[in-house]
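Below is one structure; the comments refer to it alone.
Each ligand, and each atom within it, is numbered from 1 in the order the structure gives.
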Amino acid sequence: MRIDILTLFPAIFNGPFSESIIRRAVSAKHVEVYTHDIRDYSTDKHKRVDDYQFGGGAGMVMMIEPIAAAIDDLKSQRNYDHIIYMTPDAPTLNQQRVNTLSLSENIMILCGHYKGIDQRIRDHYITDEISIGDYVLTGGELAACVLVDAVVRLIPGVLNDEESALTDSFQDNLLSPPIYTRPKDFNGWGVPEILLSGHQAKIEEWRMQKAVELTKRLRPDLLK
Ligand code: ADE
C-alpha cells in the first residue's frame, strides 16, 4: 500500500511515523508513506495558501489552487482508491471503515488547517471524509496519524501472531475482556482464578462473557 499525505505541516508526522509498528511496516516495505507540503504547490510569490472567506466571518480558508495542484500532480502518477479529507464535520472513523481502507492499493489523505478548505475541493476531489471524534483539533494532521496507524496495522504481515488484530476490540463489535500477566499476586491484588486453570474452553467462555458485560455497560451502542 502507498499512502500520500497532503499537509501544511509535514514535520508533525516525523514522530509518530518513526516509532514502533509504523516504522517497522515502512522498513519492511509493507507500506510506503509520503508527506507532501501543500505550500510547495503555491504559485503565489509569497507562497500563500490561505485567504479570507467570501461572505466574511472569522478564520482563514485554505485556497483551492495549491491543493488542486497537489492532488492533480499525485493523481497524474497513479490511481487512488480513496482521496480522504480529515475533518470534524464528517462521519466518525470506526473499525469497519479502517478494515475497508486497509484493502486499498493507494490512498491520499488531505489535512485541513485554519477554518478548513475551500468547499470546491470537497465537492470535486474528495471521495471520503473522516472525523476521528466529536471534538475539534488544530488541524487534520493528528487525525491523519490516527487513521494511518489504524490502517497500517491491518496490512497483512505488519503484525506478528502475538500482535494479531483479530482479537482487537471492535473487530467483533465487542470491547476486549480484561487481561493480566505476572505476578499472580501484586500487593494482595489477585487475578481471576479461571485464567490460571488451564481450562481453555472455560477461559474463552469467561472472556466472551466479560466482553459482552463490558460492552453492555460501557458501549451499549455497539450491540445494536
Ligand atoms: N480536523 C480537526 N478536527 C478533526 C477531527 N476531530 N477529526 C478529523 N479531522 C479533524
Side-chain angles (χ1 to χ4, degrees), residues 1-22 31 33-42 48-55 57-71 74 80-104 106-155 168-170 175 218-219 221-222:
M1 180 189 294
R2 175 182 168 118
I3 302 177
D4 288 283
I5 300 171
L6 304 183
T7 171
L8 288 174
F9 300 93
I12 292 179
F13 297 91
N14 294 349
F17 291 175
S18 63
E19 298 284 345
S20 185
I21 288 171
I22 301 191
V31 62
V33 185
Y34 300 96
T35 54
H36 308 270
D37 192 337
I38 295 168
R39 202 173 293 277
D40 292 343
Y41 288 91
S42 172
R48 184 154 192 188
V49 290
D50 61 323
D51 210 337
Y52 297 99
Q53 50 176 313
F54 283 134
M60 305 297 276
V61 178
M62 285 172 67
M63 298 162 69
I64 192 166
E65 293 102 326
I67 300 175
I71 298 177
L74 289 168
Y80 287 88
D81 305 284
H82 301 273
I83 303 180
I84 302 164
Y85 176 49
M86 305 309 300
T87 177
D89 52 350
T92 317
L93 184 63
N94 57 28
Q95 193 62 42
Q96 195 188 324
R97 196 84 180 277
V98 173
N99 291 348
T100 305
L101 291 173
S102 75
L103 303 173
S104 314
N106 301 309
I107 64 184
M108 201 188 304
I109 305 175
L110 172 61
C111 304
H113 243 270
Y114 315 116
K115 200 81 196 159
I117 62 173
D118 190 299
Q119 179 64 32
R120 290 167 289 184
I121 291 286
R122 298 175 72 163
D123 293 343
H124 300 287
Y125 282 101
I126 298 298
T127 64
D128 301 67
E129 298 189 326
I130 297 178
S131 164
I132 63 160
D134 294 341
Y135 41 83
V136 178
L137 302 166
T138 316
E141 284 77 11
L142 294 178
C145 288
V146 168
L147 177 64
V148 169
D149 186 293
V151 167
V152 165
R153 62 194 292 287
L154 296 186
I155 298 170
D168 285 344
S169 279
F170 305 114
L175 302 187
L218 302 176
R219 292 294 308 275
D221 54 300
L222 291 176

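With Ser104 contributing its side chain and Leu101 its backbone, the two residues share a donor-acceptor pair below 3.5 Å. Thr100 contributes a side-chain N or O that, together with a main-chain N or O of Gln96, makes up a donor-acceptor pair within less than 3.5 Å. Judged purely by atom type and a 3.5 angstrom limit, Thr92 has no side-chain atom pairing as donor or acceptor with the backbone of Ser131. With Ser42 contributing its side chain and Pro66 its backbone, the two residues share no donor-acceptor pair below 3.5 Å. Side chain of Asp50 to main chain of Val61: no donor-acceptor pair is present (N/O by atom type, distance under 3.5 Å, no hydrogens or angles).
Regarding atom 7 (N) of ligand 1, its nearest protein heavy-atom neighbour is Ile132 N, 2.9 Å. Counting protein heavy atoms only, atom 9 (N) of ligand 1 is closest to Thr87 N, 3.2 Å. Among all non-hydrogen protein atoms, the one lying nearest atom 3 (N) of ligand 1 is Leu137 N, 3.0 Å. Atom 6 (N) of ligand 1 has its closest protein heavy atom at Tyr135 O, 2.8 Å. The closest protein non-hydrogen atom to atom 10 (C) of ligand 1 is Pro88 CD, 3.5 Å.
In Asp221, the CG atom is crowded: over 12 heavy atoms of neighbouring residues, nucleotides or ligands sit closer than 6.0 Å.
Heavy-atom proximity to Ile130, at under 4.0 Å, picks out these atoms of ligand 1: 8 (C). Set against the non-hydrogen atoms of Ser131, the atoms of ligand 1 under 4.0 Å away are 6 (N), 7 (N), 8 (C). Listed by number with element, the atoms of ligand 1 under 4.0 angstrom from any heavy atom of Gly139 are 1 (N), 2 (C).
A donor-acceptor pair shorter than 3.5 Å cannot be found between the side chains of Glu129 and Thr87.
Ligand 1 does not have Thr138 within reach: every non-hydrogen atom of the residue lies 4.0 Å or more from it.
Considering backbone and side-chain N/O of Ala143, none are found under 3.5 Å from N/O of ligand 1.
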